[in-house]
Amino acid sequence: MEQHMNGAARTPAISIDGMPPQFLKKKELFEFTRADRTLTPLAALCGFLFWEWLAKPGASLGVFAFTVALAASALCYFRMRGIRQSGKSLAALGLVAALALHFLIFDDSPVRLLVLPFLSAAYLYWVAVSAGARIKDRVSEYIVFDLVNQTFIAPMASLPIFFKSAAAAFVGKKRGKSVGLGLLGLLLCLPLALAVASLLRGADYSFMRLWDNMLEAADMDRVRTYVLEFFLGIPVAAYLFGSLFCAAGKRGRGSASEEGVARGLARAKIFPAALAYAPLALLNALYLLFFVALGGYLFSAMSGSLPQDLTYAEYARRGFFELCQVATINLCLTAGAYLLLKREAKPPLPLRVLVGSMSAFTVLLVVTALSKMLLYISSYGLTRLRIYTTFFMVWLLLLFLLILLWHVRPFALAGPVTLLAVLCALVLAFGNSDGLIAKYNLEQYEAGRLADVDYVTLARLSDGAAPYVRAAYDRQSDGLAKANLRAVMMMLGRHVYDSEWRFEYRDGVIADTRAPWGTRDSGAGGGPAPEGAGVQKNASQFQRWNLQSFWADGLRGGM
């Protein structure tokens with residue numbers, strides 16, 4: 001180690017590749033690699049594209065394109081760092097690609113909001129798998145800590161490194177330093193230059209026309225938007241840079257190690273196990289009493305019969321949400337029992353019996369609630385809320401079945417739970433829930449099992465319902481129903497692009513209420529197609545393009 005003249009040790013410049021796996025210290029000097037310097041502008045570009053393509057209402061193709069750009073940047077960085085993709089990382093990348101394809105194909109906005117968190121988690125986990133930054137080199141019980149570390153700890157701890165990497169491109173290089181100072185001076189002078197241009201515009205008519213023509217040609221609204229998106233993209237770029245930078249060097253992990261997690265979990269166990277035995281036993285007794293006293297009433301839905309003096313709607317709603325809340329509380333109690341209770345490495349038998357019994361009762365509660373919802377759906381048809389609630393209940397049922405099996409015969413639970421989450425994400429992404437709603441409701445109505453069809457609800461679905469509405473239109477012989485189905489076809493998916501669409505019935509036919517009847521085509525009354533109908537192909541609508549709308553427009557064209 002070099003010494004100062006006064007004998008004090010001087011902190012050496014540490015290469016990025018040689019740093020130990022710990023948080024980056026403020027006083028350390030960095031020698032950024034060529035890969036790091038390449039990643040910096042790529043991260044800045046992705047930060048800008050985040051706001052331009054992804055963070056827009058109704059974004060479809062933009063989300064897919066942003067994911068491709070982000071994954072390509074990460075692959076480029078990993079390749080320059082000498083990190084090759086393995087079978088495990090390629091499987092994780094395949095999941096990212098599959099979830100991204102949802103946004104290329106579908107325009108279902110509610111599902112989009114549910115799939116996007118899965119896509120984000122899949123990308124961050126792929127980064128950790130590719131760089132070998134997981135606690136264990138497999139899907140393990142530490143997967144939650146891997147995701148927390150890769151999502152929050154590592155990138156947040158290294159946010160300043162992005163700016164240091166950007167500055168490193170100019171420090172120590174005469175030409176780069178001159179370019180950087182020139183850009184800084186230009187940025188500082190820009191407000192003054194605009195003020196002077198405004199004064200000159202008022203001084204001469206010819207200059208005013210020239211200046212106005214320049215502004216019109218430059219589309220200043222678009223320029224201002226780009227400038228705002230660039231500056232808003234800087235913290236996003238710092239986050240994306242930090243997630244890759246720390247994963248590749250296994251830095252910023254803090255306590256995210258097997259020993260650190262074990263110490264943290266040990267500190268979290270603050271209650272004696274015996275303290276929970278009596279409460280858990282009491283809850284199990286309450287569940288047993290509940291099923292014994294009201295079993296016949298609760299399970300009547302399974303046989304399709306109703307208790308006296310109750311309609312289908314009253315029966316389905318009574319107690320359904322309470323049962324869902326009880327199941328969620330039991331899930332929290334199960335997690336708390338193993339995270340907060342002091343115990344040996346192997347759970348004591350009383351704890352296993354009590355929590356296992358509670359899991360069995362929860363399975364029965366979920367089956368009961370699910371039976372109520374299915375009976376309700378068979379009587380009144382599907383809606384988005386009903387199908388999403390059913391999906392959640394099925395997931396909860398499968399999860400508690402796994403927990404129950406684990407209590408009967410312990411096994412590595414992390415793998416099946418992760419696989420269940422992945423399968424649920426894929427079903428959610430490619431299940432075409434809006435198409436299922438339209439198909440079920442229309443077929444049940446034609447079969448006489450539904451009293452009527454809510455055409456307004458159908459019109460508010462995405463274009464995923466279009467094939468089934470068109471098929472019903474072709475089968476239908478009743479003139480009024482045919483007119484309503486045509487109107488639905490013309491309105492499908494429009495709410496994604498136009499929040500002002502409003503629907504109601506007029507003389508038994510569904511109509512758009514924004515304009516007088518007949519001045520704006522609803523699909524039933526002829527006239528020109530609605531403004532905005534068809535695939536949005538211009539540049540300003542780039543992020544809203546999807547294959548589903550493309551196919552739906554083909555179906556609409558023949559009506």
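These numbers come from a predicted model, not from an experiment.
- The aromatic rings of Phe241 and Phe245 lie parallel to each other, their planes meeting at an angle below 30°, with 60° marking the opposite boundary.
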| request: Please step through side chain to side chain contact (heavy atoms under 4.5 Å, CB included) for the pair Leu104 and Leu61, ending with a clear verdict. | output: CA-CA 5 Å; Leu104 177 64; Leu61 180 60; 3.5 Å; yes
| message | Show, in sequence, the C-alpha distance, side-chain angles and deciding distance for Val367 and Leu370, and conclude whether the side chain to side chain contact (heavy atoms under 4.5 Å, CB included) test is met. | response | CA-CA 5 Å; Val367 169; Leu370 197 55; 5.6 Å; no
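- For the pair Ser433 and Tyr388, the minimum side-chain heavy-atom distance is below 4.5 Å.
- Closest of all the heavy-atom pairs between Ala337 and Val355 is CB-CG2, 4.1 Å.
- Within a 6.0 Å radius of CZ in Phe152, other residues, nucleotides and ligands contribute 12 heavy atoms or fewer.
- For Lys56, the NZ atom counts as densely surrounded, since its 6.0 Å shell holds more than 12 non-hydrogen atoms of other residues, nucleotides or ligands.
- By the 4.5 Å heavy-atom criterion applied to side chains, Val427 and Trp395 are not counted as neighbours.
- No donor-acceptor contact under 3.5 angstrom links the side chains of Arg84 and Ser89, judged on distance only.
- The aromatic rings of Phe50 and Phe66 lie perpendicular to each other, with more than 60° between the two planes, well past the 30° mark.
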| message | Please evaluate residues Gln150 and Trp126 with respect to the criterion side-chain hydrogen bond (donor to acceptor under 3.5 Å, both in side chains), reporting the C-alpha separation (whole Å), side-chain torsions for both, the decisive distance (0.1 Å), and the verdict. | response | CA-CA 10 Å; Gln150 193 60 33; Trp126 166 67; over 6 Å; no
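- Shortest non-hydrogen contact noted between Arg384 and Ser462 is NH2-N, 3.6 Å.
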| task | Before giving the answer on side chain to side chain contact (heavy atoms under 4.5 Å, CB included), spell out for Glu258 and Tyr142 the whole-Å C-alpha distance, their side-chain angles and the decisive distance to 0.1 Å. | result | CA-CA 8 Å; Glu258 193 168 350; Tyr142 297 103; 3.2 Å; yes
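- Side chain of Asn441 to backbone of Leu382: a donor-acceptor contact under 3.5 angstrom is found.
- Note that CG of Leu232 and CZ of Phe230 are 11.0 Å apart. Values are rounded to the nearest 0.5 Å.
- By the 4.5 Å heavy-atom criterion applied to side chains, Val227 and Phe231 are counted as neighbours.
- Considering all non-hydrogen atoms of both residues, Arg112 and Ala59 come closest at NE-O, 2.8 Å.
- The nearest pair of heavy atoms linking Ala369 to Met393 is CB-CE, 3.7 Å.
- Here OH of Tyr123 is found 4.5 Å from OG of Ser243. Values are rounded to the nearest 0.5 Å.
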| request: Run the numbers on Arg556 and Asp463 for salt bridge (Lys or Arg N to Asp or Glu O under 4.0 Å), then give the verdict. | output: CA-CA 10 Å; Arg556 275 188 279 262; Asp463 279 329; 3.2 Å; yes
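- Shown here for Ala74 and Leu244, the closest heavy-atom pair between the two residues is CB-CD2, 3.7 Å.
- For the atom pair Leu42 CG and Leu49 CG, the distance stands at 10.5 Å (nearest 0.5 Å).
- Annotation: side chain of Asp36 is not in contact with side chain of Thr40 (no heavy-atom distance under 4.5 Å).
- Side-chain atoms of Arg386 do not come within 3.5 Å of backbone N or O of Tyr376 as any donor-acceptor pair.
- Using the six-membered ring where Trp is involved, His407 and Tyr338 have ring planes that are tilted, between 30° and 60° apart.
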| field | From CA spacing to verdict: side chain to side chain contact (heavy atoms under 4.5 Å, CB included), Leu396, Phe392 | value | CA-CA 6 Å; Leu396 207 58; Phe392 171 73; 4.1 Å; yes
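- Inter-residue side-chain proximity for Ile161 and Phe32 is flagged as met; some heavy-atom pair is nearer than 4.5 Å.
- For the residue pair Glu229/Trp53, the side-chain donor-acceptor check at 3.5 Å is not satisfied.
- Residues Val488 and Tyr473 form no side-chain contact, since every pair of their non-hydrogen atoms from C-beta on lies 4.5 Å or further apart.
- Taking 4.5 Å as the limit, some side-chain heavy atom of Tyr468 sits within range of a side-chain heavy atom of Asn432.
- For the atom pair OG of Ser378 and CD of Gln444, the computed distance is 8.0 Å after rounding to the nearest 0.5 Å.
- Taking the side chain as every heavy atom from C-beta outward, Leu101 and Phe64 approach each other to under 4.5 Å.
- Here CG of Leu39 is found 9.5 Å from CE of Met80. Values are rounded to the nearest 0.5 Å.
- Here the straight-line distance linking atom OG1 of Thr151 with atom CG of Asp146 works out to 10.0 Å at 0.5 Å rounding.
- In this structure, Arg134 contributes its side chain and Ile143 its backbone to no donor-acceptor pair below 3.5 Å.
- In this structure, Leu420 and Leu399 approach most closely via the heavy-atom pair CD2-N, 3.9 Å.
- Taking the six-membered ring for Trp and the full ring otherwise, the centers of Tyr226 and Phe48 sit less than 6.0 Å from each other.
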